[in-house]
Amino acid sequence: MTELVDAPTRPATLGVPWRNTFAALGPAFYTALSPTPLPEPYLVGVNAPLARDMGLDAGVLASSEAVQALTGNLALAGTQPLASVYSGHQFGAWAGQLGDGRAILLGEAQTPAGPLEVQLKGSGLTPYSRMGDGRAVLRSSIREYLGSEAIQALGIPTTRALCVTGSDAPVRREDIETAAVVTRVAPSFIRFGHFEHFSARDMPGELRQLADYVIDRFYPQCRVDGRFDGNPYAAFLEAVSERTALMVAQWQAVGFCHGVMNTDNMSILGLTIDYGPFQFLDAFDPGHICNHSDEAGRYAYNKQPNVAYWNLFCLGQALLPLIEDQDLALAALESYKTFFPRELEARMLAKLGLQQAQAGDRELIESALGLMARDRVDYSIFWRRLSRHVAGGPADSVRDLFLDRDAFDAWLQHYSQRLDSQGQAGTGAQMLATNPKYVLRNHLGELAIRQAKLKDFSHVQALLGLLQSPFDEHPEHDDMAGFPPDWASHIEISCSS
């Protein structure tokens, strides 16, 4: 634990310049306010690789001054703290005005990796907290810290977590827990719900201002795209649809369940955002529901692709006052229906080590998933063992995962013939670089959290390092790539964080 001295009264600095372009949009988009301090903050962990990418010194981030600043106790020079307003659909129902209920956007750090917004999640009450307390707890903050970096290392677009700070200040959830703040970064935290907010409130000027801001910063090609009769807002909707399709295809391929795909939790940049009740699959169950609060199973693993399209349709409705043509909006959304299955098939073929799609490949993929679902085979372990087999290992290690050995043998013979037909060496190595050995299973996170509650953060940092290189063998950590213990099935992850 980092020992801290009293916080200085002057503004702190992290050594990077700041801009505040979101703040320049005007007060209709946010409320300017500072974070609410927490008593006696301490450092839980620093993401050194991300700090390096941002041109920051991890040692500086561990200093007393930085810990105070990134907990919200000390102002950072050059920032304009604010909480943004948005609306959205939650569990399929219109929820009306929402907003940053416990997050404060500091501004955009100008980094070697480009401008990155920096946000303090868990930094206190805002006008958009509704019935919440504006805080995050240590448990969920560690899960986001680890989960976002695990997703990043798997090559999936995501927000990231720079560090976590904690405090012994009590926070009531199902039980009394302690507070924490995640410093998270992304090119932008703008969500579908930001557009829904201004559309629902019949504020076309602000809606256009927001769309122009996002297009000019992140989608400039939409201004010169000749498709959609030169309509930049339709081109924008299509581009968001394709980014979202790519992200969800990558989720499905690695067995990632988001758990709460509300429209206010959907990034306009196609980033994985808002790590709440997420989970990587253990035993393969297409209908798996990772969110204990999702009683109807709206956000089950196999429903994520359709929910993403539903959310995009809501975004399309919000943008319709700008597109001004329903047929154009529907045409822009149509790209999701072709882009998603194409991207998912490409990723599943890569998991199988297949270079070029051939007739029958889809059946090969579906029959493998069907066998896995029927015997509830561990998702990550199956793909990793299959990769090792193709790289020269025994088939029995894969075969032993199945109860119906004859059915698996028939599939393996078909698969082996398909591999032979492409006649390329190095397939096994490519598969080992595609199918991770390590994912953030619930029980691994839970064990790290238990130690963190005792002020031992070494397990959090060790797990972070492992997840940052998930395709490497790390033989000293083989136990962390094994089957989950029986007690893991009783871990309940809900929207409470």
Residue pair H258, Q279: steps toward the side-chain hydrogen bond (donor to acceptor under 3.5 Å, both in side chains) verdict: CA-CA 7 Å; H258 184 280; Q279 183 184 359; over 6 Å; no

R384 backbone acceptor or donor facing H389 side chain under 3.5 Å: no

Minimum side-chain heavy-atom gap V307-Y299 below 4.5 Å: yes

Test item: E177 side-chain N/O and P170 main-chain N/O as donor-acceptor pair under 3.5 Å: no

R191 (side chain) donor-acceptor with D264 (main chain) under 3.5 angstrom: yes

Stepwise side chain to side chain contact (heavy atoms under 4.5 Å, CB included) check, C163 with L70: CA-CA 8 Å; C163 69; L70 296 177; 3.6 Å; yes

E363/R418 under salt bridge (charged side-chain N to carboxylate O under 4.0 Å, His left out): CA gap, chis, key distance, verdict: CA-CA 12 Å; E363 179 185 354; R418 174 65 179 86; over 6 Å; no

Shortest non-hydrogen contact between N231 and L322, atoms and distance: ND2-O, 4.3 Å

Enclosure of R362 CZ (heavy-atom neighbours >12, cutoff 6.0 Å): no

Candidate pair S387 and N435, rule side-chain hydrogen bond (donor to acceptor under 3.5 Å, both in side chains), full reasoning: CA-CA 7 Å; S387 303; N435 297 307; 2.9 Å; yes

Side chains of L401 and F408 in contact at under 4.5 Å (non-hydrogen atoms): no

Heavy atoms of other groups near D479 CG, more than 12 under 6.0 Å: yes

Set of salt bridge (Lys or Arg N to Asp or Glu O under 4.0 Å) partners for R450, sequence neighbours left out: E446

Exam field: side chain T111 to backbone M54, donor-acceptor pair closer than 3.5 Å: no

Derivation and outcome, side chain to side chain contact (heavy atoms under 4.5 Å, CB included), residues T178 and V171: CA-CA 5 Å; T178 59; V171 178; over 6 Å; no

Close side-chain approach of C314 to E196, heavy-atom, < 4.5 Å: yes

Any side-chain donor near an acceptor of the partner, D100 and S84, under 3.5 Å: yes

R143 and N442: CA distance, side-chain angles, deciding distance, side chain to side chain contact (heavy atoms under 4.5 Å, CB included) verdict: CA-CA 9 Å; R143 280 176 54 82; N442 272 349; 3.2 Å; yes

Qualifying residues under salt bridge (Lys or Arg N to Asp or Glu O under 4.0 Å), relative to D378, sequence neighbours excluded: R441

Where F278 and I493 come nearest, the two heavy atoms and their spacing: N-CG2, 4.4 Å

Check: V185 and Q119 side chains under 4.5 Å, non-hydrogen atoms: no

Side chain Q252, main chain Y301, donor-acceptor under 3.5 Å: yes

Residue F91 excluded, over 12 heavy atoms near CZ under 6.0 Å: yes

Which atom of L271 lies closest to which atom of A186, heavy atoms considered: CD1-CB, 4.0 Å

Test side-chain hydrogen bond (donor to acceptor under 3.5 Å, both in side chains) applied to E343 and Q250, step by step: CA-CA 8 Å; E343 291 297 321; Q250 291 173 292; over 6 Å; no

Distance, nearest 0.5 Å, that separates CZ of R388 from OG of S397: 7.5 Å

Shortest non-hydrogen contact from Q356 toward D361: O-OD2, 3.8 Å

side-chain hydrogen bond (donor to acceptor under 3.5 Å, both in side chains) partners of Q97, counting only residues at least two apart: R201

Check: F236 ring centre within less than 6.0 Å of F195 ring centre: yes

Side chain to side chain, W383 and M348, heavy atoms closer than 4.5 Å: yes

Pairwise side-chain contact, L43 with L61, heavy-atom cut-off 4.5 Å (strictly under): no

Side chain to side chain contact (heavy atoms under 4.5 Å, CB included) assessment of T158 paired with I273: CA-CA 6 Å; T158 180; I273 193 172; over 6 Å; no

Check: Y233 ring centre within less than 6.0 Å of F228 ring centre: no

Centroid-centroid distance, Y438 to H474, less than 6.0 Å: yes

Test applied, side chain to side chain contact (heavy atoms under 4.5 Å, CB included); reference residue, T183; option that passes from T165, L50, V164, L162: L162

Sequence neighbours excluded - salt bridge (charged side-chain N to carboxylate O under 4.0 Å, His left out) pairs with any residue from residues 288-299: none

Worked check of salt bridge (charged side-chain N to carboxylate O under 4.0 Å, His left out) between D404 and R374: CA-CA 9 Å; D404 189 343; R374 191 168 67 194; 3.0 Å; yes

Closest non-hydrogen atom pair between L364 and H414, with its separation: CD1-ND1, 3.6 Å

Donor-acceptor contact present, side-chain D375 to main-chain V377, <3.5 Å: no

Closest non-hydrogen atom pair, R376 against A283: O-CB, 3.5 Å

Atom pair CZ (R347) and CD1 (I156), whose distance is rounded to the nearest 0.5 Å: 9.0 Å

Heavy-atom donor-acceptor pair, Q304 side chain to F256 backbone, under 3.5 Å: yes

Side-chain donor or acceptor of K351 paired with backbone N/O of A253 under 3.5 Å: yes

Results of salt bridge (Lys or Arg N to Asp or Glu O under 4.0 Å) for E117 - residues two or more places apart only: none

Atom CD of E473 with >12 non-hydrogen neighbours under 6.0 angstrom: yes

Any donor-acceptor pair under 3.5 Å from Y336 side chain to A245 backbone: no

Donor-acceptor contact below 3.5 Å, side chain N265 vs main chain V260: yes

Pairs of donor and acceptor atoms involving the side chains of residues 144-153, under 3.5 Å and at least two apart or interchain, shall be tabulated with distances.
| unit_1 | atom_1 | unit_2 | atom_2 | d |
| --- | --- | --- | --- | --- |
| E144 | OE1 | K121 | NZ | 2.7 |
| E144 | OE2 | R184 | NH1 | 3.0 |
| Y145 | OH | V46 | N | 3.1 |
| Y145 | OH | V46 | O | 3.1 |
| Y145 | OH | N47 | N | 3.3 |
| Y145 | OH | Q461 | OE1 | 2.7 |
| S148 | OG | E144 | O | 2.7 |
| E149 | OE1 | N47 | ND2 | 2.9 |
| E149 | OE1 | R160 | NE | 3.2 |
| E149 | OE1 | R160 | NH2 | 3.4 |
| E149 | OE2 | N47 | ND2 | 3.4 |
| E149 | OE2 | R160 | NH2 | 2.4 |
| E149 | OE2 | Q468 | NE2 | 3.3 |

